[in-house]
Amino acid sequence: VALEGQVYCWGVGIDGLNGTGSEDVALTPVPIASTVRMQQVGVGQFSACALAESGDVYCWGRDLYGMLGQGRPGRSLVPVLVTGGRQYTALAVGGQHVCALDTARQAWCWGYSPSVGSAASSASASQSVQSPQAVDGGRRYVAITAAFGHTCALDEGNAAWCWGSNGAATLGDGTTENRTSPVPVAGNLRFRQISAGGTATCGIVTDATLACWGMNSYGQLGFTPGDP
């Protein structure tokens with residue numbers, strides 16, 4: 001996102017991933033086809049989304065599992081407004097799902113149904129959630145982060161909650177069970193910041209230490225793979 005609020009993209013343009021109205025490869029940064037001033041952008045597996053200064057969210061690219069949030073299936077080569085009429089303050093784009101915090105700090109997600117944090121929505125036979133759904137629990141969050149298949153958020157007390165895919169123990173609840181609703185991260189820790197990765201999640205604790213959980217096959221947890 002440039003200082004004037006324009007989003008620029010580059011690289012492979014299949015399914016309109018660059019948001020320019022075409023599928024051409026962009027070897028240098030090109031502006032997306034929108035004059036809306038943006039403040040944040042995130043890229044998923046086959047689509048991208050941006051948070052406007054107005055609080056609206058726009059998405060473009062392939063509508064895999066409903067990631068564009070437009071209420072119906074269908075790709076878009078240009079940014080389209082996410083349905084629901086809500087304004088948001090934070091955006092987190094995962095591999096196959098998207099989450100955002102609204103102005104009341106409630107979390108909403110759409111896309112791949114097992115990752116949206118709603119037990120009711122996870123039962124979708126199509127595994128697609130085409131429009132934003134409220135995350136279970138009704139908590140107010142101050143920060144949110146998403147990876148390929150899971151999401152974590154910090155509540156107003158700085159406790160961490162995670163949901164979605166958990167085969168790599170990325171939810172930090174002491175299990176490897178997938179969770180369709182938020183579960184608390186074990187250890188009763190309080191965080192300043194949290195970041196979800198593909199196979200690991202890390203957070204800066206309020207005492208300025210770093211805590212990580214998940215797979216450590218490549219040293220993602222900050223110590224030599226194979227060490228206890």
Side-chain angles (χ1 to χ4, degrees), residues 1 5 7 38-44 48-59 67 69 82 84 86-112 114-118 129 132-166 168-174 179-214 220-222:
V1 180
V7 172
M38 306 294 187
Q39 57 178 312
Q40 184 182 350
V41 66
V43 179
C49 296
L51 174 63
E53 292 182 357
S54 64
D56 292 323
V57 171
Y58 293 82
C59 297
M67 279 193 68
V82 170
R86 298 175 194 87
Q87 271 65 55
Y88 299 94
T89 60
L91 176 69
V93 181
Q96 299 179 341
H97 70 291
V98 183
C99 295
L101 300 182
D102 68 14
T103 54
R105 296 183 177 176
Q106 184 174 4
W108 298 78
C109 299
W110 58 95
Y112 185 55
S115 299
V116 300
S118 166
V129 177
Q133 301 297 308
V135 171
D136 291 345
R139 296 177 189 85
R140 289 162 56 93
Y141 297 103
V142 297
I144 192 165
T145 178
F148 187 83
H150 77 286
T151 302
C152 294
L154 300 182
D155 68 19
E156 293 183 307
N158 295 109
W161 298 78
C162 299
W163 59 91
S165 175
N166 197 31
T170 50
L171 304 190
D173 66 341
R179 302 293 187 177
T180 57
S181 298
V183 292
V185 171
N188 199 34
L189 298 173
R190 296 294 182 267
F191 295 89
R192 297 180 182 178
Q193 186 178 343
I194 192 167
S195 181
T199 57
T201 306
C202 292
I204 300 175
V205 186
T206 51
D207 64 3
T209 58
L210 182 65
C212 295
W213 54 94
Q220 302 97 307
L221 305 187

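On a predicted model such as this, the values are computed, not experimentally measured, just so you know.
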Residue pair [X] / [Y]: nearest heavy atoms and the distance that separates them:
X: Ala200; Y: Leu221; answer: CB-CD2, 4.0 Å
X: Ala160; Y: Ile194; answer: CB-CD1, 3.9 Å
X: Trp108; Y: Ala134; answer: CE3-N, 3.2 Å
X: Gly117; Y: Pro182; answer: O-CD, 3.9 Å
X: Val205; Y: Ala211; answer: CG2-CB, 4.0 Å
X: Ala50; Y: Val7; answer: CB-CG2, 4.3 Å

Among all residues two or more places apart in sequence or in another chain, which pass the side-chain contact (heavy atoms from CB on, under 4.5 Å) test with [X]?
X: Cys162; answer: Cys152, Leu171, Val185
X: Ser118; answer: Val116, Ala120, Ser121, Asp136
X: Glu53; answer: Arg37, Gln39
X: Ala186; answer: none

**OP:** Scan residues 138-152 for pairs that pass salt bridge (charged side-chain N to carboxylate O under 4.0 Å, His left out), counting only residues two or more places apart or in two chains.
**Re:** Arg140-Glu156
Original post:
According to the salt bridge (charged side-chain N to carboxylate O under 4.0 Å, His left out) rule, which pairs have a member within residues 189-202, sequence neighbours left out?
Top reply: none
Side chains of [X] and [Y]: does their closest heavy-atom pair fall under 4.5 Å?
X: Cys49; Y: Leu91; result: yes
X: Val183; Y: Trp163; result: no
X: Leu51; Y: Tyr88; result: yes
X: Asp155; Y: Arg105; result: no
X: Thr206; Y: Phe191; result: no

**OP:** Identify, with sequence neighbours excluded, every residue that meets salt bridge (Lys or Arg N to Asp or Glu O under 4.0 Å) alongside Asp102.
**Re:** none
Original post:
For Arg86, which residues count as a salt bridge (Lys or Arg N to Asp or Glu O under 4.0 Å) partner, sequence neighbours excluded?
Top reply: none
Find the distance between [atom1] ([X]) and [atom2] ([Y]) and round it off to the nearest 0.5 Å.
X: Trp213; Y: Asn166; atom1: CH2; atom2: CG; answer: 11.5 Å
X: Leu189; Y: Ile204; atom1: CG; atom2: CD1; answer: 13.0 Å
X: Gln106; Y: Leu101; atom1: CD; atom2: CG; answer: 9.5 Å
X: Ser54; Y: Met38; atom1: OG; atom2: CE; answer: 8.0 Å

Can I get a per-line list of side-chain donor-acceptor pairs under 3.5 Å for residues 141-151, giving both atom names and the distance, sequence neighbours left out?
unit_1 : atom_1 : unit_2 : atom_2 : d
Thr145 : OG1    : Ala196 : N      : 3.0
His150 : NE2    : Thr201 : OG1    : 2.9
Thr151 : OG1    : His97  : NE2    : 2.7

**OP:** Return the set of residues passing ring pair (Phe, Tyr, Trp, His ring centres under 6.0 Å) with Tyr58 (not counting sequence neighbours), or none when no residue passes.
**Re:** none
**OP:** Apply ring pair (Phe, Tyr, Trp, His ring centres under 6.0 Å) to Trp161 and list each qualifying residue two or more places apart in sequence or on a separate chain.
**Re:** none
Original post:
Does Thr199 have any side-chain hydrogen bond (donor to acceptor under 3.5 Å, both in side chains) partners at least two apart in sequence or in another chain, and if so, which?
Top reply: Gln220
